[in-house]
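Below: the structure, in structure tokens.
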Amino acid sequence: MNGKHVLIVEDEFLIADEMVTIFAREGASIIGPAPTLDAALELLQSAGKIDAAILDIRLQKHLSFPVARKLLERGIPFIFATGYDDEFIPEEFHDIRLCEKPVEPRELLAALEDRRA
Amino acid sequence: LHISSAVNVETFHRLIRNAPFGIYFINADYTIVEASRNAHEAFASVVPLIGCDVRTALSTIWQEPFASLAIDAFARTLRTGEPYISGEMVEPRADLPVTEAYDWRLERIVMPDDRYGVVCYFYDLTERLRAEQALADSETMFRQFADNSTDALWVANASTGRLEYVSRAFSKIWGEPVRHVLMEPGRWNDLVHPDDRAAVRELIPRISAGETVILTYRIARADTGELRWIHETGFPIYDTSGQVVRAGGIAQDMTDRIRAQSAVQESRQVLDALLQGIPQLVWRSGDNGKWVWVSRQWQTYTGQYEDQGLGHGWLEAVHPDDRCMVMKDWQHASEDRGLDLRLRLRHRMGEYRWFQMRASAFLDSEGRILEWLGTCTDVDDLQRLQEKQEVMVEELQHRTRNLLGVVRSKATQTRASSRSLDDFGERFNNRLNALSRVQGLLSRSQRTAITISDLVSAELEAFGAHLFGKRVKVEGPPVPLRARHVQTLALALHELATNARKYGALAHDDGELAIGWSAGKAGSGYSFLRIDWEETGFVPFLKEQPVGTGGYGRKLIERALPYSLGARTSYQLDSKGVRCSIELPLIDG
């Protein structure tokens, strides 16, 4: 993940922390992690370059779909991370990969491969 | 008797021929010399009659031995002059296939030739006897009819009211011999139920006045006292002058029919009570959901009047979003022979509740649908429970996944700071136990909110804080926490407590631990919770404290709490001891 800028949105600290550790070890440059919808939207504005993102769908009281929409608009590849089996996903995100937590780097890499294909 | 020569012989012959009864004469030679018209008719097969020997004539029309007896009677009267009176006789004819009855007499007379002769005059009784027989036959027939009828037939005298005839069925119905009611005038009425006696007493007077009376009354059987229902039809019997001479009646035992009717009525009442009483909205429908009947329960729940629910009127009470679905289901109901769906119905006060609508088809013998019987059962509580359960199952699933993530993270973190496998084992177990306590608290949180007091007590109890007596002080109000605060906060407290026990105040003889908290009020709730953790009275081994252990605890306090819960925290470790403060917002930003 050489120097790729990866945004992590996840409300549970311990899981966010683990993903940060794993992705950092793989050479990614971490943006965030962001625990809330507001924090994630804020990072989208301020972070500059973003190569990929991992979005937890449920962020305490909110869903992360507004962030997903912005990522689509900007053409940034991303994957959803969820703890639910049959999460409700709006039609517009049906092409997005759905991964179980915690997300492994190879799953994000696979999503980036999809994009290239 | 002497026929005088003074009488004109011609006149005499004419009189005889025209006599309105049978009469004929024989002379001393047994020759028939004159006969009346009736005699000619009786001897119709003897032609010519006049001039014929009476013995031949009698033998021609009568069978033996009567023919000879009759001839002897002629001979005796002719010889001796004694009259002969036959009395009523009934004999079979020899010349005709019939039996005839006669009363006949013989007398000796002196004929115009001055010799003896005999006159025979006779009455034909055949017609009279035949009429009498016919009457007797018809009486017998009537009696047989009356006595074999299962209904009791009776006849009473219209003027005296006395019973003249009662048929045998009476004793079968009343349990009383017929002769008793015939002999005792009041007996019939005595057996009538007291409440019906007045009406029965009026029966014969009303009939006598020309009325046909139909009456139902109860009797008590004379033998068993059993109650029986009688259906009586009484009618007047007129004589030829148009006067009512008798009252007739037909009394029918209709006890069984009335019992069957009341059984049917009773079961219908039970059915009605059931239909109106079951706590479901019952209805009946024709094809395609066109209702033909609605129960009171439906009217009570929806506030619709009976006629408003009929046809497709009931759809008005169905939630607009469910109408399409229910009508679609009705279209398939005939194929499926049933209907079973869940929909919302509007209560008369405007609120919608969930109902299970079910219907099953009544079929005729050829399997065609006659009608539908349907119910709507209130399943609102069930529906809400199911929805809640779905949310809970989802939540549980989420929590379990999350928990596994936390466990995994803890294993990773603990491993990074462990010196040996044993060291890892002990510390990992302790952390798992802390996590387990939190789950225990959370499983209770469905019923009562978890307070900060609960969290602190659970953690202190786990490491045996009571053993330290007054060295551990705890003070603060029971401020309720949100479920999502509990896990992270509990894990942070666990790390603090473990450090205190192993390296801090409780690892030194004189060390003291004070845990205090307070909350900021906001309206009826709390705006924030501030926890102060202070360990004093000892000198920490600042340099010797294992980095990993302190590192993980501090990470939870200094990073996890702010990250996940938006808390403001501080952690200080210096020569005076440990001071940690956590300020947790309780209102979502």
Side-chain angles (χ1 to χ4, degrees), chain A residues 7-26 30-43 47 54-64 66-67 79-89 98-108, chain B residues 390-417 431-432 434-435 438 482-492 494-495 551-567 569 584-589:
Chain A
L7 169 65
I8 296 178
V9 180
E10 163 63 56
D11 65 347
E12 177 61 57
F13 173 79
L14 292 174
I15 293 170
D17 189 47
E18 190 179 7
M19 283 197 288
V20 168
T21 308
I22 296 167
F23 279 86
R25 199 166 55 211
E26 293 287 325
I30 307 299
I31 302 166
T36 62
L37 178 61
D38 286 346
L41 290 171
E42 168 76 32
L43 278 177
I54 301 163
L55 297 189
D56 180 12
I57 294 175
R58 298 196 180 211
L59 300 170
Q60 294 175 11
K61 294 176 305 178
H62 300 106
L63 296 171
S64 62
V67 181
I79 55 176
F80 284 123
T82 179
Y84 294 86
D85 269 341
D86 48 355
E87 185 71 79
F88 170 76
I89 310 278
L98 196 62
C99 301
E100 282 189 24
K101 291 190 210 177
V103 176
E104 300 280 352
R106 59 185 166 78
E107 290 176 294
L108 185 60
Chain B
E390 258 167 49
V391 170
M392 275 173 65
V393 167
E394 221 169 74
E395 178 61 33
L396 192 66
Q397 199 184 36
H398 178 68
R399 208 187 274 173
T400 308
R401 289 262 170 84
N402 207 38
L403 193 62
L404 286 174
V406 170
V407 169
R408 179 184 158 133
S409 144
K410 280 201 176 287
T412 309
Q413 301 278 348
T414 309
R415 190 181 62 200
S417 61
R431 282 173 176 161
L432 276 189
L435 206 51
V438 176
R482 290 175 175 244
R484 67 184 180 84
H485 294 147
V486 172
Q487 184 164 296
T488 314
L489 194 55
L491 294 182
H494 170 73
E495 293 301 325
Y552 184 57
R554 288 188 72 153
K555 192 171 170 183
L556 278 178
I557 291 158
E558 293 180 332
R559 291 179 53 203
L561 287 174
Y563 183 85
S564 294
L565 307 181
T569 59
L584 187 66
L586 296 178
I587 296 173
D588 294 315

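Lettering follows sequence order; numbering is per chain, from 1.
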- Rounded to the nearest 0.5 Å, the CG atom of Leu14(A) sits from the CZ atom of Arg408(B) at a distance of 12.5 Å
- Task: Look up atom CD1 in Ile8(A) and atom CG in Asp17(A), then write down how far apart they are to the nearest 0.5 Å.
- Result: 9.5 Å
- Which bit of Ala39(A) comes within less than 4.5 Å of chain B, counting heavy atoms only: side chain, backbone, both or neither? neither
- Can you check whether Asp56(A)'s main-chain N or O pairs, donor with acceptor, with Ser64(A)'s side chain at less than 3.5 Å? yes
- Contact part of Ser564(B) toward chain A, heavy-atom cut-off under 4.5 Å: side chain, backbone, both or neither? both
- Only one of Val406(B), Leu561(B), Leu584(B) clears side-chain contact (heavy atoms from CB on, under 4.5 Å) with Thr488(B); which? Leu561(B)
- Answer with side chain, backbone, both or neither: which region of Leu556(B) has an atom nearer than 4.5 Å to a non-hydrogen atom of chain A? side chain
